[in-house]
2 protein chains.
Amino acid sequence: MAETARGTESRYGNRPTMKDVAARAGVGLKTVSRVVNGESGVTPDTERRVQEAIEALGFRRNDSARVLRKGRTASIGLVLEDLADPFYGPLSRAVEEVARAHGALLINGSSAEDPDREQELALALCARRVDGLVVIPAGDDHRYLEPEIKAGVATVFVDRPAGRIEADTVLSDNFGGARDGVAHLIEHGHRRIGFIGDQPRIHTAAERLRGYRAAMEDAGLTVDEAWVSLGTTDAGRVRTAAEAMLSGPEPVTAIFAGNNRVTVTVVRVLAGLSGPVALVGFDDFELADLLQPGVTVIAQDAAALGRTAAERLFRRLDGGQDVAPERIELATRLIARGSGEIGPAR
Amino acid sequence: MAETARGTESRYGNRPTMKDVAARAGVGLKTVSRVVNGESGVTPDTERRVQEAIEALGFRRNDSARVLRKGRTASIGLVLEDLADPFYGPLSRAVEEVARAHGALLINGSSAEDPDREQELALALCARRVDGLVVIPAGDDHRYLEPEIKAGVATVFVDRPAGRIEADTVLSDNFGGARDGVAHLIEHGHRRIGFIGDQPRIHTAAERLRGYRAAMEDAGLTVDEAWVSLGTTDAGRVRTAAEAMLSGPEPVTAIFAGNNRVTVTVVRVLAGLSGPVALVGFDDFELADLLQPGVTVIAQDAAALGRTAAERLFRRLDGGQDVAPERIELATRLIARGSGEIGPAR
DNA sequence: TCCCGGGCTGACAACGTTGTCTAGGCTCTA
DNA sequence: TAGAGCCTAGACAACGTTGTCAGCCCGGGA
């Protein structure tokens with residue numbers, strides 16, 4: 001009825017652009033841009049007219065176009081193993097907080113521990129032109145990221161080191177933590193100690209196993225290979241492994257569990273047993289203190305890992321493109337709660 | 001030394017574009033586009049030349065530009081309360097899986113239970129032109145999303161309903177679940193039952209309280225307002241509340257905990273007590289079965305909430321823009337483990 | 001009165017990609 | 001052998017925004 005000549009004023013699925021706003025406010029395109037971005041040099045009266053048009057049309061700036069023009073997306077990517085794993089929640093959250101403090105958005109995805117999926121995800125994030133990337137590696141060859149890093153994508157690896165490329169890395173002291181945990185069991189009189197861990201191709205698993213062996217060796221103990229079990233961390237596999245090393249003529253009297261999932265399964269197995277078996281687990285978990293007995297753990301600080309990595313990333317973005325890659329290792333902490341202090345049955 | 005006339009071949013921070021690839025391969029721009037997108041109509045020989053140029057330059061398509069041209073981003077946003085909360089991990093993961101199945105990327109952010117931050121985040125996601133939005137509301141007024149929804153952003157609310165707008169919503173049966181849980185305690189002989197919940201402005205908290213009151217009323221019991229405590233779910237507040245209702249001349253003999261964080265804190269309080277107090281908590285949590293006694297809970301299926309919401313969202317994106325908003329309510333399930341079956345002390 | 005300077009404003013190109021359209025070369029058939 | 005038809009390839013505009021630059025208008029000083 002009124003002026004229909006104006007064009008596509010917000011047809012369904014057809015969002016208004018600055019051009020529409022400009023037309024409606026009777027100003028130039030660039031003036032709208034100035035108002036939207038809070039730049040100076042616009043008369044209060046003009047600004048008001050533009051604001052009204054924005055309001056009326058429900059305009060929102062298209063950041064894709066903006067990114068295209070400006071080159072930076074103000075977003076970073078996070079590739080982790082599984083968001084549903086309680087270890088990664090706090091880590092992810094910490095990264096997000098740092099990103100937020102730098103005005104960036106976090107895009108994340110789960111690799112499900114699959115190297116191909118990790119690569120697919122990381123490259124998809126690069127295609128969105130994230131400014132930086134935090135990666136918890138699933139694979140062990142990251143040369144596919146080389147062109148991206150060279151092109152300026154700040155990249156930091158967390159929890160596990162990058163494979164076959166130089167890059168910033170933030171790790172926990174997996175070796176030292178495991179060694180301390182096993183030493184703790186040895187101190188309490190154990191000689192036959194089992195180790196149940198994740199697949200050996202995973203760096204953390206390998207390091208923790210190394211720590212186990214080192215502690216045993218330091219104490220002059222020989223490891224019976226029947227005490228060592230590596231593989232997936234699903235409950236069935238872990239249960240079988242635990243039951244195997246707890247039975248037989250020379251059963252282990254203590255178990256070192258290689259990560260939180262393993263620990264929980266082992267707790268369940270031990271709960272069905274009569275005799276006392278000692279347990280120390282890598283990774284702390286909620287309620288560990290409320291179990292009977294409380295579960296002694298090697299705690300790593302997931303939030304600190306995330307925070308450290310993200311801060312490193314933004315330091316690189318804020319100028320320091322050419323600093324040499326660094327490897328940062330965070331200490332672990334033994335939290336004694338009882339399960340590690342059980343002496344061996346005689 | 002050789003041909004420098006070619007231009008900016010991948011200067012640091014200056015990524016190669018299709019134009020660069022085209023120049024290097026000696027073909028037209030559009031041909032590169034065809035190869036990159038796997039379109040047909042390119043000679044094997046030409047394709048090989050282009051692939052080599054891509055490889056050599058480390059080219060990767062700029063999705064920002066692509067999005068700008070095509071209109072769809074193949075990404076959806078998730079606004080939730082806190083990624084570090086174990087309840088949201090599986091939910092987020094479920095949304096991600098559905099998104100992945102539809103070839104979309106998930107961008108998520110935490111509102112930290114702050115309505116302003118929720119709005120800021122949701123609108124930032126809209127500015128990135130996500131195709132859809134899954135929101136776990138922190139605020140109770142979502143009219144700010146109206147222009148976005150009208151413009152075609154498929155939006156689904158989860159866990160709590162949208163405020164003051166019509167939109168798809170996926171909820172648990174908070175009222176029914178709480179009523180069942182409290183009825184369970186009443187069945188086991190309790191008459192004085194406490195309720196510790198989240199802030200009443202949060203929909204789930206209000207519904208659960210309503211369920212509590214309904215169960216009490218159904219059983220002909222009067223609620224002493226000293227038994228009801230609502231507020232933040234930090235451990236200090238909850239501990240104080242629990243201790244208050246457990247002391248005095250007429251202490252409660254059972255507690256219904258309004259969510260997982262409350263439950264855990266209450267478990268800790270009860271662990272320090274001598275007398276038996278019954279407990280039922282809303283939300284299941286890992287290891288609930290391993291505590292002594294096992295904790296009886298009302299379980300909701302976080303993954304199903306996320307999956308249902310995401311599927312609804314994509315159904316809307318894949319054509320059904322104009323279906324009327326729907327409210328889907330998922331059933332809860334009482335899992336009896338012992339703590340709810342304790343009879344009242346006499 | 002004229003000129004100069006400063007403050008607002010808008011025209012225009014560019015960012016990197018994709019859709020459309022046209023040109024050219026080839027094969028196949030009559 | 002000529003024409004039709006198909007297949008490959010490239011030129012060009014457009015997506016929505018921002019940086020650059022030039023023009024306009026107004027007030028003040030000479």
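What you are looking at is a predicted structure, and each value in this text was computed from that prediction instead of being measured. The chains referred to below are lettered A, B, ... by the order of the sequence lines, with proteins before strands, and numbering in each begins at 1.
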(request) For B/Glu166, look at atom CD and say whether over 12 heavy atoms of other residues, nucleotides or ligands are found less than 6.0 Å away. (result) no
(request) Evaluate whether atom CD of A/Glu55 has more than 12 neighbouring non-hydrogen atoms of other residues, nucleotides or ligands under 6.0 angstrom away. (result)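 No - once you tally the heavy atoms of other residues, nucleotides and ligands closer than 6.0 Å, there are 12 at most.
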So, does [X] get its side chain near the phosphate of [N], meaning an N or O under 4.0 Å from OP1 or OP2?
| X | N | result |
| --- | --- | --- |
| B/Thr31 | D/dG10 | yes |
| A/Ser33 | D/dT18 | yes |
| A/Thr43 | C/dT9 | yes |

(request) Remember a base hit wins even if backbone is also touched, and classify B/Val67 as base, sugar-phosphate or nothing at under 4.0 Å, heavy atoms. (result) nothing
(request) Looking at every strand, decide which applies to A/Thr17 at a 4.0 Å heavy-atom threshold: base, sugar-phosphate, or nothing. (result) sugar-phosphate
Length of the [atom1]-[atom2] vector between [X] and [N], whole Å:
| X | N | atom1 | atom2 | result |
| --- | --- | --- | --- | --- |
| B/Asn62 | D/dC15 | CG | C1' | 13 Å |
| A/Asp63 | D/dC15 | CG | P | 19 Å |
| A/Glu39 | D/dT20 | CD | C1' | 12 Å |
| B/Arg66 | C/dT17 | CZ | P | 11 Å |
| B/Met18 | C/dA14 | CE | C1' | 18 Å |
| B/Lys30 | C/dT17 | NZ | P | 12 Å |
| B/Lys70 | C/dT20 | NZ | P | 10 Å |
| A/Asn37 | D/dG19 | CG | P | 8 Å |

Euclidean distance, [Y] [atom2] relative to [X] [atom1], rounded to 0.5 Å:
| X | Y | atom1 | atom2 | result |
| --- | --- | --- | --- | --- |
| B/Ser64 | A/Asp63 | OG | CG | 9.5 Å |
| A/Met18 | A/Lys30 | CE | NZ | 8.5 Å |
| A/Glu113 | A/Ile202 | CD | CD1 | 4.0 Å |

Do [X] and [Y] sit within salt-bridge range, that is, some charged N less than 4.0 Å from a carboxylate O?
| X | Y | value |
| --- | --- | --- |
| B/Asp20 | B/Arg24 | no |
| A/Asp82 | B/Arg93 | yes |
| B/Glu97 | B/Arg307 | no |

(message) Would you say A/Arg61 and A/Asn37 are linked by a side-chain donor-acceptor pair, where the criterion is simply a distance under 3.5 Å?
(response) yes
(message) On DNA chain D, does the nearest nucleotide to B/Ala65 precede the nearest nucleotide to B/Ser40 from the 5' side, or the other way round? Give the residue.
(response) B/Ser40
(request) Rounding to 10 degrees, work out the angle separating the end axes of the helix from C/dT1-D/dA30 to C/dA30-D/dT1 (five pairs an end). (result)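 The helix from C/dT1-D/dA30 to C/dA30-D/dT1 shows an end-to-end axis angle of 60°.
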(message) Please determine whether any donor N or O and acceptor N or O are separated by less than 3.5 Å between the side chain of B/Arg69 and the base of C/dT17.
(response) no
(request) Determine whether any donor atom in the side chain of B/Arg34 lies under 3.5 Å from an acceptor atom in the base of D/dG10, or the reverse, and answer yes or no. (result) yes
(message) Please compare A/Gly26 and B/Val36 by the position of their nearest nucleotide in DNA chain C and report the one closer to 5'.
(response) A/Gly26
(message) Expected output is a numbered-order residue list: members of residues 45-56 of chain B with a heavy atom under 4.0 Å from any atom of DNA chain C. What is it?
(response)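 Correct list: empty, so none.
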(request) Looking only at side-chain atoms of B/Leu29, point me to the closest of C/dT18, C/dG16, D/dT18. (result) C/dT18
(message) So if I take every side-chain heavy atom of B/Leu68 and compare against D/dG16, C/dT18, C/dG10, which nucleotide ends up nearest?
(response) D/dG16
(message) Going by the rule side-chain contact (heavy atoms from CB on, under 4.5 Å), which residues pair with B/Ala101 if we only count those two or more places apart in sequence or in a different chain?
(response) none
